[in-house]
Amino acid sequence: NITMAAEMSDAHRRFLQVLMSHGIMEGAEARKLHRRCCEISKVYYAQDKLDDFVTTINNQLQPLFMQIRKGMSEVDGRTHYALVNMAETEITKMASDYAENELELFRKTMDLIILSDNGFASSTDILNCANQLKTKKMKKKEAEQVLKIFVDDKWLSERNGEYTLHTRCIMEMEQYILSAYQDVAKKCNICHSLAIQSQACKTCGIEMHLPCVGKYFKAQSKPRCPQCNDVWPYEIP
Ligand SMILES: [Zn+2]
Ligand SMILES: [Zn+2]
């Protein structure tokens with residue numbers, strides 16, 4: 001039984017072009033864009049059909065090893081859509097865009113973030129690494145400039161001088177991170193996606209995203225670990 005994939009219309013092409021130029025979009029923004037693209041191209045529009053619309057695009061993207069993926073922001077739990085490259089599963093995706101020592105700095109930053117308790121690396125720790133790179137050392141000014149580029153390119157996010165992985169980066173590199181950091185990178189106990197910014201049970205070690213913690217423990221006065229039932233010792237976001 002052969003099912004023909006639905007063909008892309010101008011609306012699909014327009015949607016893809018805009019998403020391509022942004023790299024990642026929040027769900028609300030993507031829904032608005034979906035509507036606008038259908039109106040401009042005068043094709044059928046239904047508010048609740050964005051995921052079908054995206055599936056049609058994904059069927060066409062498959063031979064190019066690209067995919068529009070749906071994921072969640074670790075900060076606010078909101079849905080995002082990102083265009084990701086499936087061809088390469090490692091940091092080699094970034095290889096064509098950055099110099100060798102910039103990539104080394106990114107890897108070191110990723111190590112710091114993933115090995116940390118809360119999913120953040122301080123700029124001080126990152127700048128210390130920059131001074132010890134094997135490929136080519138970076139001065140402080142230069143390293144700060146490179147970090148800014150990683151933020152602009154949506155690989156890193158910065159908050160008060162602390163760096164974490166951008167939602168786009170997590171959506172693109174989830175599989176790579178889970179296999180490269182097998183012993184430390186964990187999936188969220190609630191939504192089963194990779195958890196970088198998270199709370200971890202001190203007894204059994206399970207991790208939960210902050211928005212997932214908030215949703216799960218909503219209205220509970222004495223929250224307990226869903227796995228081992230020990231007291232959950234953190235402030236509930
Ligand atoms: Zn989660
Ligand atoms: Zn536990």
Quiz item: Taking the side chain as C-beta and beyond, is there a heavy-atom pair between Gln199 and Pro237 under 4.5 Å?
Solution: yes
Quiz prompt | Side-chain donor or acceptor of Glu207 paired with backbone N/O of Cys188 under 3.5 Å | solution = no
Quiz item: Roughly how far, to the nearest 0.5 Å, is CD of Glu142 from CG of Leu127?
Solution: 11.5 Å
Quiz prompt | All pairs passing ring-ring contact (aromatic ring centres under 6.0 Å, His included) where residues 124-153 contributes a residue, at least two apart | solution = Tyr98-Phe150, Phe106-Phe150
Quiz item: Any donor and acceptor pair, going by atom type alone, linking the side chain of Ser21 with main-chain N or O of Val18 inside 3.5 Å?
Solution: yes
Quiz prompt | Residues Lys108, Asp111: salt bridge by 4.0 Å N-O rule | solution = no
Quiz item: Does a side-chain heavy-atom distance below 4.5 Å link Met138 with Val146?
Solution: yes
Quiz item: Would you find a donor on one side and an acceptor on the other, under 3.5 Å apart, between the side chain of Thr56 and the backbone of Met8?
Solution: no
Quiz item: When you look at CG of Asp48, are more than 12 heavy atoms from neighbouring residues, nucleotides or ligands closer to it than 6.0 Å?
Solution: yes
Exercise. Evaluate the side-chain proximity of Ile206 to Cys225: yes if any heavy-atom separation is below 4.5 Å, no if none is.
Key: yes
Quiz prompt | Residue Lys154 excluded, over 12 heavy atoms near NZ under 6.0 Å | solution = yes
Quiz item: Is Phe120 reachable from Ile113 through a run of hydrophobic residues whose side-chain heavy atoms are each under 4.5 Å from the next?
Solution: no
Quiz item: Does Leu112 belong to the same Ile/Leu/Val/Met/Phe/Trp/Tyr cluster as Ile196, with side-chain heavy atoms less than 4.5 Å apart forming each link?
Solution: yes
Practice problem: Applying side chain to side chain contact (heavy atoms under 4.5 Å, CB included), name anything that partners Asn131, two or more places apart in sequence or on another chain. | Solution: none
Exercise. Spell out, as yes or no, whether a donor-acceptor pair under 3.5 Å connects the side chain of Tyr234 to the backbone of Ala200.
Key: yes
Self-check item: Same cluster (ILVMFWY, side-chain, under 4.5 Å), Phe53 and Leu61
Solution: yes
Practice problem: Could you go through the side chain to side chain contact (heavy atoms under 4.5 Å, CB included) check for Tyr163 and Ser157 one step at a time? | Solution: CA-CA 6 Å; Tyr163 290 83; Ser157 299; over 6 Å; no
Practice problem: Could you grab the distance from atom OG of Ser198 to atom NZ of Lys187, nearest 0.5 Å is fine? | Solution: 14.5 Å
Quiz item: Could you state the interatomic distance from CG (Asp52) to CG (Asn58), rounded to the nearest 0.5 Å?
Solution: 11.5 Å
Quiz prompt | Set of side chain to side chain contact (heavy atoms under 4.5 Å, CB included) partners for Pro233, sequence neighbours left out | solution = Lys202
Quiz item: What are the two closest non-hydrogen atoms of Ile177 and Ile114, and how far apart are they?
Solution: CG2-CD1, 3.5 Å
Exercise. Measure the shortest side-chain to side-chain distance between Ser193 and Met72 over non-hydrogen atoms and say whether it is less than 4.5 angstrom.
Key: no
Self-check item: SB check Lys148 Asp152 (cutoff 4.0 Å)
Solution: yes
Self-check item: Greater than 12 external heavy atoms within 6.0 Å of Glu144's CD
Solution: yes
Exercise. Enumerate the residue pairs fulfilling ring-ring contact (aromatic ring centres under 6.0 Å, His included) with a member in residues 200-228, sequence neighbours excluded, ordered by first and then second residue.
Key: Phe217-Trp232
Quiz item: Sub-3.5 Å donor-acceptor pair from the side chain of Glu172 to the main-chain atoms of Asn85, do we have one?
Solution: yes
Quiz item: Looking only at side chains, do Glu162 and Ser122 share a donor and an acceptor under 3.5 Å apart?
Solution: no
Quiz item: Is there a side-chain contact between Leu156 and Leu165, using heavy atoms and a 4.5 Å cut-off?
Solution: yes
Quiz item: Are Leu103 and Tyr176 grouped together when hydrophobic residues (ILVMFWY) are joined by side-chain heavy atoms under 4.5 angstrom apart?
Solution: yes
Self-check item: Sidechain-backbone polar pair: Glu158 side chain, Val151 backbone, donor-acceptor under 3.5 Å
Solution: no
Self-check item: Under 3.5 Å donor-acceptor, Asn189 side chain and Met208 backbone
Solution: no
Quiz item: Using the ring of each side chain (for Trp, its six-membered ring), is Phe15 parallel, tilted or perpendicular to His34, with breaks at 30° and 60°?
Solution: perpendicular
Quiz item: Testing Arg36, Lys42, Arg35 for salt bridge (Lys or Arg N to Asp or Glu O under 4.0 Å) with Glu39, which one passes?
Solution: Arg35
Quiz item: Has Gln220 got more than 12 heavy atoms of other residues, nucleotides or ligands less than 6.0 Å from its CD?
Solution: yes
Quiz prompt | Separation of Gln62 CD from Ile57 CD1 (nearest 0.5 Å) | solution = 14.0 Å
Quiz item: Quick one: does Arg168's side chain have a donor or acceptor within less than 3.5 Å of a partner on Asp153's backbone?
Solution: yes
Exercise. Heavy atoms only: give me the nearest Gln60-Pro63 pair and the separation to one decimal.
Key: O-CD, 3.3 Å
Practice problem: May I ask you to check whether over 12 heavy atoms, not counting those of Arg69, lie within 6.0 Å of atom CZ? | Solution: yes
Exercise. Output all residues satisfying side chain to side chain donor-acceptor pair (under 3.5 Å) with Asp97, sequence neighbours left out; order by chain, then residue number.
Key: none
Quiz prompt | Single-linkage hydrophobic cluster, 4.5 Å side-chain cutoff, Tyr181 and Ile126 together | solution = yes
Quiz item: Does the side chain to side chain contact (heavy atoms under 4.5 Å, CB included) test come out yes or no for Met86 and Leu64, once each step is laid out?
Solution: CA-CA 9 Å; Met86 320 272 291; Leu64 308 172; over 6 Å; no
Quiz item: How long is the span from the CZ atom in Arg224 to the SG atom in Cys201, to the nearest 0.5 Å?
Solution: 11.0 Å
Practice problem: Taking all heavy atoms of Leu19 and all of Ala82, pick out the closest pair and write down the distance. | Solution: CD2-C, 4.4 Å
Practice problem: Carefully, step by step, assess Thr203 and Asp230 under the rule side chain to side chain donor-acceptor pair (under 3.5 Å). | Solution: CA-CA 7 Å; Thr203 310; Asp230 209 345; 2.5 Å; yes
Quiz item: Quick one: NE2 on His12 to SG on Cys37, what's the gap to the nearest 0.5 Å?
Solution: 9.5 Å
Practice problem: Show your working on side chain to side chain donor-acceptor pair (under 3.5 Å) between Ser73 and Asp76 and close with a plain yes or no. | Solution: CA-CA 6 Å; Ser73 153; Asp76 55 20; 3.0 Å; yes
Exercise. List in chain and number order the residues that pass side chain to side chain contact (heavy atoms under 4.5 Å, CB included) with Glu29, two or more places apart in sequence or in another chain; answer none if no residue qualifies.
Key: His22, Met25, Glu26
Quiz item: Going by heavy atoms in the side chains, are Arg78 and His80 under 4.5 Å from each other?
Solution: yes
Practice problem: List the steps and the verdict of side chain to side chain contact (heavy atoms under 4.5 Å, CB included) for Val84 and Met173. | Solution: CA-CA 9 Å; Val84 302; Met173 295 206 187; over 6 Å; no
Practice problem: Could you walk me through whether Ile24 and Met171 pass side chain to side chain contact (heavy atoms under 4.5 Å, CB included), step by step? | Solution: CA-CA 10 Å; Ile24 184 164; Met171 287 169 74; 4.0 Å; yes
Quiz item: Is it true that a side-chain atom of Lys70 and a backbone atom of Asp51 form a donor plus acceptor pair closer than 3.5 Å?
Solution: no
Quiz item: Considering only heavy atoms from C-beta outward, does the side chain of Ile190 approach that of Lys215 to under 4.5 Å?
Solution: no
